[in-house]
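Structure, as structure tokens:
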Number of protein chains: 2
Amino acid sequence: MADVAAKAGVSRALVSIVFRNQPGAGRETRERVLRVADEIGYRPDSAARLLARGRSRTLGVMFTVHQTFHMDLIEGIYPEAERLGYDVLLSAAARGRSESQAAEALLGHRCEALILLGADADQECLEQLGRRLVTVSVSRRVPNAPVDFVHTAEGKGVRQAMDHLVGLGHRRIVHIDGGRGPGSAERRRAYRAAMRRHGLEAELRVIPGEHTERSGIETGRMLLAERDRGVPLPTAVLAGNDRCAMGLLMVMTRAGVDVPGDLSVVGYDDSHLSHLMPIGLTTVRQDAALMAEHAVRFAVERLRDEELGPREAVLDPKLVVRGTSGPPRDGDGLSPLAG
Amino acid sequence: MADVAAKAGVSRALVSIVFRNQPGAGRETRERVLRVADEIGYRPDSAARLLARGRSRTLGVMFTVHQTFHMDLIEGIYPEAERLGYDVLLSAAARGRSESQAAEALLGHRCEALILLGADADQECLEQLGRRLVTVSVSRRVPNAPVDFVHTAEGKGVRQAMDHLVGLGHRRIVHIDGGRGPGSAERRRAYRAAMRRHGLEAELRVIPGEHTERSGIETGRMLLAERDRGVPLPTAVLAGNDRCAMGLLMVMTRAGVDVPGDLSVVGYDDSHLSHLMPIGLTTVRQDAALMAEHAVRFAVERLRDEELGPREAVLDPKLVVRGTSGPPRDGDGLSPLAG
DNA sequence: GCGCGCTACTGACGCGCTCCAGGTCAGTAC
DNA sequence: GTACTGACCTGGAGCGCGTCAGTAGCGCGC
């Protein structure tokens, strides 16, 4: 910086002004400084800037590796953060790297706020984070701490999906849940409620699962094994998310089960992947871009106004009917075997 | 920090020593400082630390959103970086956010070195980065600049895959390439060479593509359309990567094409996704963990020894035969239509 | 002529830490 | 007793920037 100042024949303070795009420098000088800086290859040192200013204007985003929907969210976070003048730093949770480790790394880099995508860590850990700095959680509610919450009305989405399936004539509809994954509890609850509302209490079945392809695969194998023992397949499956739906689809298709003739499958998220599936996954769309936008805005607004309490944004999901759902082959929802 | 020092009855320098876990402080003092810090809620300010130390001990990693293989790499980068005492910062390229933007963000946060995963930017931009700081590129070669290069012997992998297919009896083997994506050129070249070597020059066909599911889907649709016009399907496809293979598989399965009976499909990467596909994708395995390890090591070693020239690590790929490849239904590799 | 306001710019301090050249003090050897 | 050692600790400079009071210069009106 001193070099630039010297070579441009101005003071360091002026260089600072130019680089912050602040008033107080003439047109000509401004251009000269910028040109010289470019020649020298100078870039402002964010560490020093941060230290001097006391603010980093950086948002930390924690996500989980392999969660495709997180990628959709990240894609939406960048533009909104840039619009509001914030930098974004990413840190991933992965096998061998816990969410709290990922979050700590972000804290270490002096992020002013944290955006947690589909956090899966224990409640206490999240509460602690929320108390330490401005935190926004996407898809996972964190009570007892000032943490903003952005999510879709899970219940509404599930209800739409269930009405769709029942409307098609399905009765034996099972749900593969997402364990303690974000949003799972609400989805599970809504599934149960929908089954009851449609008078299908007797058919109600929740299979414990996860938000992974593996979970879909394992469930699929289990269902196929059951079929081989004489238990009829369900006619429809409401998966915990798209990844799970996809794993299930792969097993079923592979095993010669016709989708949607023998089995309808509905996912959740409408992630990038499901967009690209030519098989056309029927799924509940969560608007990733909009969720990301809300998350960033919440963080920035809380940063601007310390007094602001934590808020919640509930977005409307929307059922997207594609190719994996259709009327069951046997109108009454019972397979020939069981009939 | 001053508060901690005062309350613990020591100098600030001593607090610094304690927090850096350096020798020069007594057991008792150390514990006292730590205890006081905990009470006050003090955490060292990394910005100031970084500024004072002149080193950030941070590795910047640029990746592309939705590239599943990058997630596998990231998963491998974290543990190795931690082992060597480095922090990792992630920055994603995405729609609306170019690779150079992603890299700039990393530079702004004072990363000492850059690891580029499957960079796709123009040569000049990469060369410039390489000249500015220690840079390691994974899967994409950057000549004319001191950039380390980690990749697999693409040719070897393709050759194995081709020998496998030809050994099964395939003759009409097409290749969907990865455009100017990392590794594509070598894979394409190796495919051509293999076809020639097996005397299948007449059957040689490269379909332009990308490393995305969409590309596989589009190619699949195109091939099906050709079939409907009387052009026989190939009996085997060597896809540019797993994502592409997957898109293709989805279309084909959906269209009732039996895999591998009517069509064998071979992918490339053995990414997380292909692991999870119950359909068992035959693919060329790239050892993501090992590649990540090399990338981190290269960066750290170059950081330690400025004089070190750029190096190259070539890892051996390995064909993993799973369920999507098998002998063609018609032994001669010609479909009934064409026969 | 003077004061006034305005723009363009400067000087110096401080952000919270690390680093280094010391200082202090018990312990040990002779 | 002196000389030396090593463990433990301190003071102060400085990392590269932002900030803000302050200065210089200039046109304007009266």
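These values consider heavy atoms only, across backbone and side chains, with no hydrogens, waters or symmetry-generated copies. Throughout, a chain's letter reflects where its sequence line sits, starting with A, and its residues are numbered from 1.
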If the threshold is 4.0 Å, N to carboxylate O, is there a salt bridge linking [X] and [Y]?
| X | Y | answer |
| --- | --- | --- |
| A:R243 | A:E210 | no |
| A:E307 | A:R302 | no |
| A:E112 | A:R55 | yes |
| B:E28 | B:R32 | no |

Option from A:N144, A:D122, A:T135 for which side-chain contact (heavy atoms from CB on, under 4.5 Å) with A:E127 holds |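 Passing option: A:N144.
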
Whole Å only: how far is the CG atom of A:L14 from the P atom of D:dC20?
->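 Answer to the nearest Å: 16 Å.
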
Can the ring centroids of A:F298 and A:F149 be said to lie less than 6.0 angstrom from one another?
->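 Judged by ring-centre distance (under 6.0 Å), A:F298 and A:F149 do not meet the cut-off.
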
Where along residues 26-36 of chain B does a heavy atom come under 4.0 Å from DNA chain C, residue by residue in number order?
->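 Nucleic-acid contacts, sorted: none.
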
Take A:E82 and B:R97 through the test salt bridge (Lys or Arg N to Asp or Glu O under 4.0 Å) and record every step on the way to the result.
-> CA-CA 10 Å; A:E82 189 174 358; B:R97 188 178 150 95; 5.8 Å; no

Scan nucleotides 15-27 of chain C nucleotide by nucleotide, 5' to 3', and note B when protein non-hydrogen atoms come under 4.0 Å of the base, S if they reach only the sugar-phosphate, - if neither.
-> BBBBB--------

Side chain to side chain donor-acceptor pair (under 3.5 Å) between B:E312 and B:H151, worked out | CA-CA 8 Å; B:E312 179 173 343; B:H151 64 133; 2.9 Å; yes

